[in-house]
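Below, read A as the first sequence line, B as the second, and so on, with proteins coming before strands; counting in each chain starts at 1.
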Protein chains: 2
Amino acid sequence: METTTQQTDQQRSAQQRRRELLEAADRVVLRDGPGASMNAIAAEAGITKPILYRHFGDKGGLYAALAKRHTDALLDSLRAALDAPADRRERVEQTLDTYLAAIEARPQVYRFLMHPSDSATPGEQGFDVGLHSAPVLRRMGEELAQVIEERVDLGPGSAQLARVWGHGIVGMMHAAGDWWLGERPCPRAELVSSLADLLWGRLAAAGDRVGGPGF
Amino acid sequence: METTTQQTDQQRSAQQRRRELLEAADRVVLRDGPGASMNAIAAEAGITKPILYRHFGDKGGLYAALAKRHTDALLDSLRAALDAPADRRERVEQTLDTYLAAIEARPQVYRFLMHPSDSATPGEQGFDVGLHSAPVLRRMGEELAQVIEERVDLGPGSAQLARVWGHGIVGMMHAAGDWWLGERPCPRAELVSSLADLLWGRLAAAGDRVGGPGF
DNA sequence: GACTCCAGTTACCGCAAGTAACGTATGTCT
DNA sequence: AGACATACGTTACTTGCGGTAACTGGAGTC
């Protein structure tokens, strides 16, 4: 009995420890960029490397755990926007705005999740994140696809179509957001409405310019 | 005079050398994945590391040169599709199809350009490509923006709008293509028309499903 | 009081990026 | 022709990272 209790306690503190480690990793990664070394993270947590490896297996595991936290948080916000009681256009704009506000508010986190190999330090090893950044977008794409299929009537082949659109829209949002974050060419609201316009077929509706057939 | 001639000759062979090195690097990267070591590339080229560094500065430089080759080639194809004599919808579909055909035909190249950290070998160091893969998409986004602005009449604020759309569309194409390449859920033509439908506002036009306002 | 677990440590291995210092052939000046 | 500079190429090294093995100290258990 006491064995069980003790084990529970230990597991409890292990869970606790893991959270502490993740928070330390978070701090370091946000400070040093994604090239943060395991040593640096361990130091920040006040311990040494092998402990990190006991908890997370390898660097990828640590990254995955870290990414999952942020991704889950982001997806929660997006779900809220996606489920808001409003018409479709408004929901789309709300969702875009939520995403863009998130990456605007914490660009370091964003860059870590999406472009993990960027860094100030040139001796960069990267977080070999290519394996992990895709999943973030994939998850978002799949979730959006699900919402689309649940709520929009697309006729036959809707499942396929919804998935294509889910991934496509997420990619659009991501790429536009990435570019916007780098250049800040306009306020967020303008970007949101421009993208919504695009999704609303304004490209198809626009007229040609001067000579010859337009794009 | 002869000095000049000789210098020219030397530069000529330097250019030649550079091309050979790039081709060797290409082979290795396509064979071993993006984690190919500088040593391996040098060996494939029949020389040793320092020469690579003399030519390309560092690994990033080599990658950049390599990426530029492929990116230029891809952009040329896309420009051709973009400038074809047909109506807008057809051009859009042609462009999408060209891009997707390219990544379908040479997935190794594509994965190298876009997800350079993926690899079979687990001891992966990656090509710290995050710094370089973005430029590929950025260039495509900017080029598309330019074409859009040249040929489509968007009224006031067209420059901004064109850029947003350029990057957004490229991102859509990229994300959908990436997902499609991984799962191959449908033939290419279907993906192309689904994406074109999305750009043509079919999401906005579709009706709601059963209860409540749709997405 | 001896035993057994764990958390944690030090000290190490392997490997890849990048560099320094050392040949060696080629063509140039006197 | 023969001493000399220059660029090509090499070997051999340093540094710094991810990852691991083997040791250490202090909880609780019989």
Side-chain angles (χ1 to χ4, degrees), chain A residues 1-18 20-21 24-25 28-29 32-43 45-64 116-117 119 121-129 131-132, chain B residues 1-18 20-21 24-25 28-29 32-64 116-117 119 121-129 131:
Chain A
M1 236 0 127
E2 291 184 358
T3 304
T4 310
T5 307
Q6 182 226 337
Q7 247 185 348
T8 305
D9 287 1
Q10 280 182 187
Q11 282 184 338
R12 232 173 185 283
S13 68
Q15 292 287 102
Q16 190 92 0
R17 203 66 174 140
R18 188 189 166 90
E20 291 173 21
L21 296 185
V28 174
V29 160
D32 295 358
S37 78
M38 293 297 265
N39 259 326
I41 294 173
I47 45 109
T48 49
K49 260 196 304 180
I51 304 185
L52 285 181
Y53 285 95
R54 278 229 248 276
H55 277 270
F56 301 105
D58 63 355
K59 197 171 187 175
L62 193 156
Y63 170 87
S117 289
S119 170
T121 65
E124 196 52 45
Q125 297 286 94
F127 231 131
D128 67 336
V129 85
L131 291 163
H132 311 289
Chain B
M1 233 6 122
E2 290 185 2
T3 304
T4 310
T5 308
Q6 183 226 336
Q7 248 183 350
T8 304
D9 287 1
Q10 279 183 190
Q11 281 182 340
R12 229 172 186 285
S13 67
Q15 293 286 104
Q16 190 91 0
R17 203 71 175 131
R18 187 189 167 90
E20 290 174 21
L21 296 185
V28 174
V29 160
D32 295 358
S37 78
M38 293 297 265
N39 259 325
I41 294 173
E44 171 72 26
I47 45 113
T48 50
K49 260 195 306 179
I51 303 185
L52 285 181
Y53 285 95
R54 280 231 251 274
H55 277 271
F56 301 104
D58 63 356
K59 196 170 187 174
L62 193 156
Y63 169 87
S117 290
S119 170
T121 66
E124 196 53 45
Q125 296 287 94
F127 231 133
D128 68 334
V129 85
L131 290 164

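Atoms CG (Asn39(B)) and P (dT10(D)) sit 11 Å apart, rounded to a whole Å. Computed from coordinates, the Leu62(B) CG to dG18(C) P distance equals 10 Å when rounded to whole Å. Here dA7(C) presents its C1' atom at 13 Å from CD of Glu20(A), a figure rounded to the nearest Å. Going from atom CG of Leu21(A) over to atom C1' of dG8(C) covers 12 Å, rounded to whole Å. Put simply, CE on Met38(B) is 18 Å from C1' on dA12(D), counting in whole angstrom units.
Taking each heavy atom of Arg18(A) and His55(A) in turn, the nearest pair found is NH1-O, 3.5 Å. Asp32(B) and Ala40(B) make their closest contact through OD2-CB, 4.5 Å (heavy atoms, listed as atom of the first residue, atom of the second, distance).
Residue pairs meeting the side chain to side chain donor-acceptor pair (under 3.5 Å) criterion with at least one partner in residues 35-45 of chain B, sequence neighbours excluded, are Arg27(B)-Glu44(B), Arg31(B)-Glu44(B). Identified under the salt bridge (charged side-chain N to carboxylate O under 4.0 Å, His left out) test for residues 47-56 of chain A, with sequence neighbours left out: none.
Rounding to the nearest 0.5 Å places CD1 of Ile41(A) at 9.0 Å from CZ of Phe56(A).
Residues of residues 48-58 of chain A that place a heavy atom closer than 4.0 Å to DNA chain D, in numerical order, are Lys49(A), Pro50(A), Tyr53(A), Asp58(A).
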Q | Verdict with supporting geometry, Ile47(A) and Leu21(A), side-chain contact (heavy atoms from CB on, under 4.5 Å) | A | CA-CA 9 Å; Ile47(A) 45 109; Leu21(A) 296 185; 4.1 Å; yes
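Side-chain proximity of Lys59(A) to the nucleotides dC17(D), dT9(C), dT10(D) is greatest for dC17(D).
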